[in-house]
Amino acid sequence: MNVWTVAREYAGIAEAGGVKNVTCSISESLSMLGQNVTVFIPLYGCTDLSSISDFTCVWHEPVSITIQKKIIHISFSHGIKNGVDIVFIGNKHFSEKKAVYTYTRTEEKENPRHKHGCGHEDVQFLNTLFQKAVVAYGSTCSDDEKPDIIHCHDATAAMLPIFIEDYKKKSSFYKTFYMNTKCIITIHNAGSGYHHEYTSIKQAVNLTGLSKKELERGLNHGCVEPFLLSADYACMTTVSPEYAKEIVDGRQDSGGLCHYFQDRNIKIIGITNGIDYEWYNPLNTSSSELPFPYNPISMDFEGKYKCRRLFLEKYASENTKEINSDITKYGWLNTDGKSDNVFITYHGRIVSQKGISVLLNAAKMLLKENLCVKFIFIGQGEHRLEEDLIAFSTEHEGNVIYFNGYDKSLSRLCIASGDFAVMPSEFEPCGTEDFIAQIFGTIPVAHATGGLKKIINGQTGILYENNTPETLAEILRSLVRISLNAGNDVFNTMKAFAASYIKKEFSWSKVAALYIDLYKSCN
């Protein structure tokens, strides 16, 4: 099959959230299973071409598309990454962006209106431009390049099926070229704030060129939703079976989408994401980016505790003032030479969805009890929650540290340094942090929701149902006391089984095989 993967981000090329790893891993695994895979991604100012081979600056013929009654010229570049063809969509609106979705500090200095960390003000224009350019690329292709499947990842690519339908109505060429093409849309997060919706019918008409009548099918509280518009023309999937159920039955936040999914009887298929074990394998320090090797599967944890000691000395001490330009440190950790402290970590986005307030309040309860417990936080996100974490770490210096920002190596070291990694998400489509923790021999403690339910309670981690500070504090208190009384070795069997289970059951080759079956079965 010829498979086109359409995404705004891709690991090793242009990185932002968790979608980058999924798009990369699915594409490379499909290629290894014999499919012809072509990835489409914008050519940003931040694009990293270091992993691209055979890069060709001019690829296929350029095309022109119309948006807001203006003709916009698009060029295409091409390269290969691990057997996957990568087509870069070229236009100044992408090349002037220094990050995939948000403004950087450099851009804020150049234009104070472009606040660091805030989304691009022309985001819907960018999404529309990108998707129309992919559809128009078909006009430069030969018959043997026709896609059997176009796999659209998240709301930033979810309009593509309806753009194809529109092009087919207006052109006999596109009608023939895309006649047998099937579209798949994968919802990576249906929560409020992730829909990339058009803010009004007027804006949607202006940007898409579609009729008001067509666009009204996607109305949700005055906004026009890409997921709703294209659902009639695509097979809808999401990143875990449990999250698929939660979206449709309304158990979790979907920003009002679940009502429409139910009314239209839209089926959503859940396929759980995998993970590339070798990207994180703690035995291989070049891939894990950890300073010392170790092997949880064989219960060899000496390197894990060496990682912790280095973390405490180099990054978490009172004397460490600066980490790097991407990270600001608040608070510090003081162990007084004790080896019996229990370390609890949080790594991820600092947003309400992740249950940050639940964890903060639970942590406050434990610290009041003077238990030998230390908390490590790393991440960035909502300003209000960042401020809460800054205040908390400052108030509890010696017991709490917060790294505001993102650095891949430091993030991994934080996870590896922990005994437990806490994930009190209000909802979670799939979850990657639990995978990484398990590979690093750190036990996940998670709210039983969405994709986090792939954790086997009591075997590969700890799940709890009632997501309150009191419930979480009770569980953590119990785990801390067990660790202090019986020693951390008491959890070694669980750590070994978890790492082995993830390596065996969640390979991307297994997941890609499920998608191939889906591609063949979709109408």
Side-chain angles (χ1 to χ4, degrees), residues 4-11 13-24 26-27 38-47 65 67 72 74 86-91 93-103 117-137 150-164 166 183-199 203-204 207-208 210 215 218 220 223-231 233-234 236-239 247 254-255 257 273 349 351 353 429-430:
W4 287 8
T5 297
V6 183
R8 287 280 310 270
E9 56 181 291
Y10 195 89
I13 296 176
E15 301 191 347
V19 176
K20 66 181 184 296
N21 295 324
V22 178
T23 53
C24 177
I26 288 179
S27 299
T38 302
V39 170
F40 292 83
I41 187 169
L43 187 62
Y44 305 103
C46 62
T47 296
I65 61 177
I67 298 179
I72 300 173
I74 301 291
I86 312 292
V87 174
F88 297 95
I89 308 296
N91 180 269
H93 292 285
F94 295 121
S95 60
E96 67 187 11
K97 298 297 189 292
K98 303 296 192 298
V100 176
Y101 301 121
T102 60
Y103 292 111
C118 292
H120 296 138
E121 59 186 9
D122 57 347
V123 58
Q124 280 300 359
F125 172 82
L126 294 174
N127 290 338
T128 304
L129 177 63
F130 172 50
Q131 294 172 89
K132 284 195 170 189
V134 173
V135 178
Y137 178 81
I150 300 181
H151 195 154
C152 310
H153 287 274
D154 232 2
T156 56
M159 286 291 292
L160 196 140
I162 198 166
F163 285 142
I164 287 178
D166 185 54
C183 289
I184 312 291
I185 296 175
T186 294
I187 302 171
H188 290 264
N189 194 324
S192 299
Y194 298 93
H195 296 187
H196 285 264
E197 66 272 22
Y198 297 94
T199 56
Q203 184 197 43
L207 286 172
T208 67
L210 299 171
L215 291 166
N220 177 19
C223 296
V224 180
E225 299 276 4
F227 289 136
L228 293 179
L229 279 174
S230 288
Y233 305 104
M236 305 292 289
T237 76
T238 191
V239 290
I247 292 174
S254 66
L257 289 180
N273 286 337
R349 290 179 294 118
V351 294
Q353 173 203 333
C430 182

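For the single chain, residues carry numbers from 1 onward in sequence order.
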As a quick check of understanding, evaluate side-chain contact (heavy atoms from CB on, under 4.5 Å) for Glu15 and Glu9, giving each step before the final call.
CA-CA 6 Å; Glu15 301 191 347; Glu9 56 181 291; 5.7 Å; no
What's the verdict on salt bridge (Lys or Arg N to Asp or Glu O under 4.0 Å) for Asp122 and Lys97, showing C-alpha distance, side-chain angles and the deciding distance?
CA-CA 11 Å; Asp122 57 347; Lys97 298 297 189 292; 3.2 Å; yes
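For Tyr198, there are no ring-ring contact (aromatic ring centres under 6.0 Å, His included) partners at least two apart in sequence or on another chain. For Tyr103, the ring-ring contact (aromatic ring centres under 6.0 Å, His included) partners two or more places apart in sequence, or in a different chain, are His114, His120. With sequence neighbours excluded, the residues that form a side chain to side chain donor-acceptor pair (under 3.5 Å) with Thr237 are Thr186.
Side-chain atoms of Leu129 and Ile89, non-hydrogen and from C-beta on, never get closer than 4.5 Å to each other. Proximity of Asp154 to Phe227: side-chain heavy atoms (C-beta onward) are separated by under 4.5 Å at one or more points. Looking at heavy atoms from C-beta onward, Gln124 lies in side-chain contact with Asn127 at the 4.5 angstrom threshold. A 4.5 Å side-chain heavy-atom check between Pro42 and Arg8 finds at least one atom pair inside the cut-off. With contacts defined as side-chain heavy-atom distances shorter than 4.5 Å, the pair Ile86/Ile13 qualifies. Looking at Ile41 and Thr23, their side chains never come closer than 4.5 Å, going by heavy atoms from C-beta outward.
Classified by interplanar angle (parallel below 30°, tilted 30° to 60°, perpendicular above 60°), the ring pair Tyr137/Phe40 is perpendicular. Using cut-offs of 30° and 60° on the angle between ring planes, the pair His93 and Phe125 is perpendicular. The aromatic rings of Phe94 and Tyr44 lie perpendicular to each other, with more than 60° between the two planes, well past the 30° mark.
In plain terms, the two heavy atoms of Thr208 and Met159 that are nearest each other are CG2-CE, 4.0 Å.
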